[in-house]
Amino acid sequence: MSRISWDQYFMTQSHLLALRSTCTRLAVGATIVRDKRIIAGGYNGSIAGGVHCSDEGCYVIDNHCVRTIHAEMNAILQCAKFGVPTAAAEIYVTHFPCLQCCKAIIQAGIQKVYYAVNYKNHPYAIELFEQSGVNVEHVELDENLLRQNNQEQIEFVSYLLTKLSAANISDEEKNELREKANSLFEQ
């Protein structure tokens, strides 16, 4: 088995962080890296100890949720909180950074931005990244990397269903279970 690339490794980490998001509109994750080492991670959500959008809904003003702190900002603030320098670091983000996060990334001295999904790519953010010499690269997540044991999972579920056939389960119920299992592990 070959090892995954650094870009895929860090982008996968960002997608994993996005799973912690409490935003109901868009789950975003960000990983800050220096010298091929993760120095911080963040996801979009409320302030520590605050009310979460997933619990009480978004607090939207002018089409923006003001309750949410963006993933990039949370990662940068984590570095600030623990005294970890961000100069010359790189950031991997699940979605293209918004204009405000773009400015924070530049001010933090981060030199390269990798993003997986185009999302409202603001022309001024692109211009600011260019002006400040921050390289921006689109790196799609290779989701097949997350499904390396997919076939094994399907075979195991089929095995379990075969074992269940000894029980009093109708063919219709078995087929429903098989279809549900297959849908969970589709590629």
Side-chain angles (χ1 to χ4, degrees), residues 1-45 54 68-98 101-102 104-106 108-122 125-126 128-130 132-160 178 180-187:
M1 181 172 103
S2 62
R3 296 167 69 186
I4 66 172
S5 70
W6 286 111
D7 286 346
Q8 288 299 312
Y9 174 72
F10 296 127
M11 191 58 74
T12 301
Q13 177 68 30
S14 293
H15 279 80
L16 182 62
L17 283 161
L19 296 175
R20 289 280 307 153
S21 172
T22 60
C23 178
T24 58
R25 298 173 74 189
L26 181 69
V28 179
T31 305
I32 301 178
V33 174
R34 192 177 53 244
D35 299 324
K36 302 287 186 240
R37 298 293 179 262
I38 296 170
I39 60 173
Y43 51 88
N44 55 334
S54 57
T68 300
I69 302 168
H70 291 190
E72 303 92 324
M73 193 65 72
N74 267 328
I76 291 168
L77 291 171
Q78 186 180 70
C79 287
K81 183 176 183 177
F82 295 108
V84 178
T86 53
E90 302 173 332
I91 190 167
Y92 288 79
V93 190
T94 57
H95 295 76
F96 190 87
C98 73
C101 287
C102 158
I105 288 166
I106 292 166
I110 294 171
Q111 294 294 300
K112 190 151 190 178
V113 175
Y114 299 90
Y115 69 97
V117 177
N118 287 307
Y119 183 74
K120 300 181 182 180
N121 301 27
H122 198 287
I126 295 167
L128 288 175
F129 281 140
E130 288 172 0
S132 58
V134 173
N135 295 316
V136 178
E137 187 175 329
H138 184 221
V139 175
E140 288 185 39
L141 175 66
D142 180 357
E143 293 186 23
N144 289 324
L145 293 172
L146 303 176
R147 298 180 178 145
Q148 289 182 356
N149 63 348
N150 193 18
Q151 188 58 40
E152 184 180 337
Q153 291 170 332
I154 292 170
E155 289 171 7
F156 181 69
V157 170
S158 289
Y159 168 78
L160 289 176
R178 189 180 315 278
K180 173 69 173 176
N182 285 336
S183 71
L184 289 173
F185 302 117
E186 279 182 347
Q187 290 188 12

Asker: Can you tell if the side chain of Ile39 reaches within under 4.5 Å of the side chain of Cys79, non-hydrogen atoms only?
Answerer: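 Answer yes - side chains close enough.
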
Asker: Around atom CZ of Arg20, are there more than 12 heavy atoms from other residues, nucleotides or ligands closer than 6.0 Å?
Answerer: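 Atom CZ in Arg20 is not packed in, count stays at 12 or less.
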
Asker: Who passes side-chain contact (heavy atoms from CB on, under 4.5 Å) against Asn121, sequence neighbours left out?
Answerer: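 Listed in chain order: Phe96, Tyr115, Asn118, Ile126.
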
Asker: Is the number of heavy atoms from other residues, nucleotides or ligands under 6.0 Å of Glu137 CD greater than 12?
Answerer: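 It does: Glu137 CD has more than 12 such atoms within range.
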
Asker: Could you pull out the closest heavy-atom pair between Ala27 and Ala18, with the gap in Å?
Answerer: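 So the minimum-distance heavy-atom pair works out to CB-O, 3.5 Å.
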
Asker: What's the shortest heavy-atom distance between Leu17 and Ala30, and which atoms?
Answerer: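 Closest approach of Leu17 to Ala30, heavy atoms only: CD1-O, 3.2 Å.
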
Asker: Between atom CD1 of Ile76 and atom NZ of Lys81, what is the distance when rounded to the nearest 0.5 Å?
Answerer: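 Answer rounded to 0.5 Å: 15.5 Å.
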
Asker: How close do Thr86 and Ala108 get, counting heavy atoms only, and between which atoms?
Answerer: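 Heavy atoms only, the tightest pair is OG1-O, 2.5 Å.
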
Asker: As an exercise, state the distance from NZ of Lys120 to NE2 of His122, rounded to the nearest 0.5 Å.
Answerer: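 Result: 11.0 Å between the selected atoms.
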
Asker: With sequence neighbours left out, which residue pairs that include part of residues 68-80 fulfil the side-chain hydrogen bond (donor to acceptor under 3.5 Å, both in side chains) condition?
Answerer: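 Qualifying pairs, neighbours excluded: none.
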
Asker: For the residue pair Phe10 and Trp6, categorise the inter-ring angle as parallel (less than 30°), tilted (30 to 60°) or perpendicular (more than 60°).
Answerer: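 Rings of Phe10 and Trp6: parallel, as their planes differ by under 30°.
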
Asker: So do the side chains of Leu141 and Gln8 get within less than 4.5 Å of each other, counting heavy atoms only?
Answerer: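 When only atoms from C-beta onward are counted, Gln8 and Leu141 do touch, with a gap below 4.5 Å.
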
Asker: Measure up the Tyr119 and His95 rings against each other and bin them: parallel (under 30°), tilted (30 to 60°), perpendicular (over 60°).
Answerer: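 Perpendicular, since the angle between the ring planes exceeds 60°.
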
Asker: Just to verify, which of Thr31, Asp7, Thr12 counts as forming a side chain to side chain donor-acceptor pair (under 3.5 Å) with Tyr92?
Answerer: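 That would be Asp7; it is the only one of Thr31, Asp7, Thr12 passing the side chain to side chain donor-acceptor pair (under 3.5 Å) with Tyr92.
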
Asker: Which heavy atom in Arg34 sits nearest to a heavy atom in Ala87, and how many Å separate them?
Answerer: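 Closest pair (atom of Arg34, atom of Ala87, distance): CD-O, 3.8 Å.
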
Asker: So Tyr43 and Leu19, do their side chains get closer than 4.5 Å, heavy atoms only?
Answerer: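 Not in contact.
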
Asker: Looking only at heavy atoms, which two atoms of Cys102 and Ala125 are closest? And how far apart?
Answerer: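 Here Cys102 and Ala125 meet closest at SG-O, 3.5 Å.
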
Asker: When you look at Ser14 and Thr94, which way does the side chain to side chain donor-acceptor pair (under 3.5 Å) test go after all the steps?
Answerer: CA-CA 6 Å; Ser14 293; Thr94 57; over 6 Å; no

Asker: If I compare all heavy atoms of Asn44 with all of Ser21, which pair ends up nearest, and what's the gap?
Answerer: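 In this case the closest contact between Asn44 and Ser21 is OD1-OG, 2.8 Å.
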
Asker: So Ile110 and Val134, do their side chains get closer than 4.5 Å, heavy atoms only?
Answerer: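 No, every pair of side-chain atoms sits at 4.5 Å or beyond.
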
Asker: In Å and rounded to the nearest 0.5 Å, what is the OH to CE distance from Tyr114 to Met11?
Answerer: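 So the OH of Tyr114 and the CE of Met11 are separated by 9.0 Å.
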
Asker: Checking side chain to side chain contact (heavy atoms under 4.5 Å, CB included) against Pro97, which of Ile91, Val136, Ile105 comes through?
Answerer: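 It is Ile105, the one option of Ile91, Val136, Ile105 that forms the side chain to side chain contact (heavy atoms under 4.5 Å, CB included) with Pro97.
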
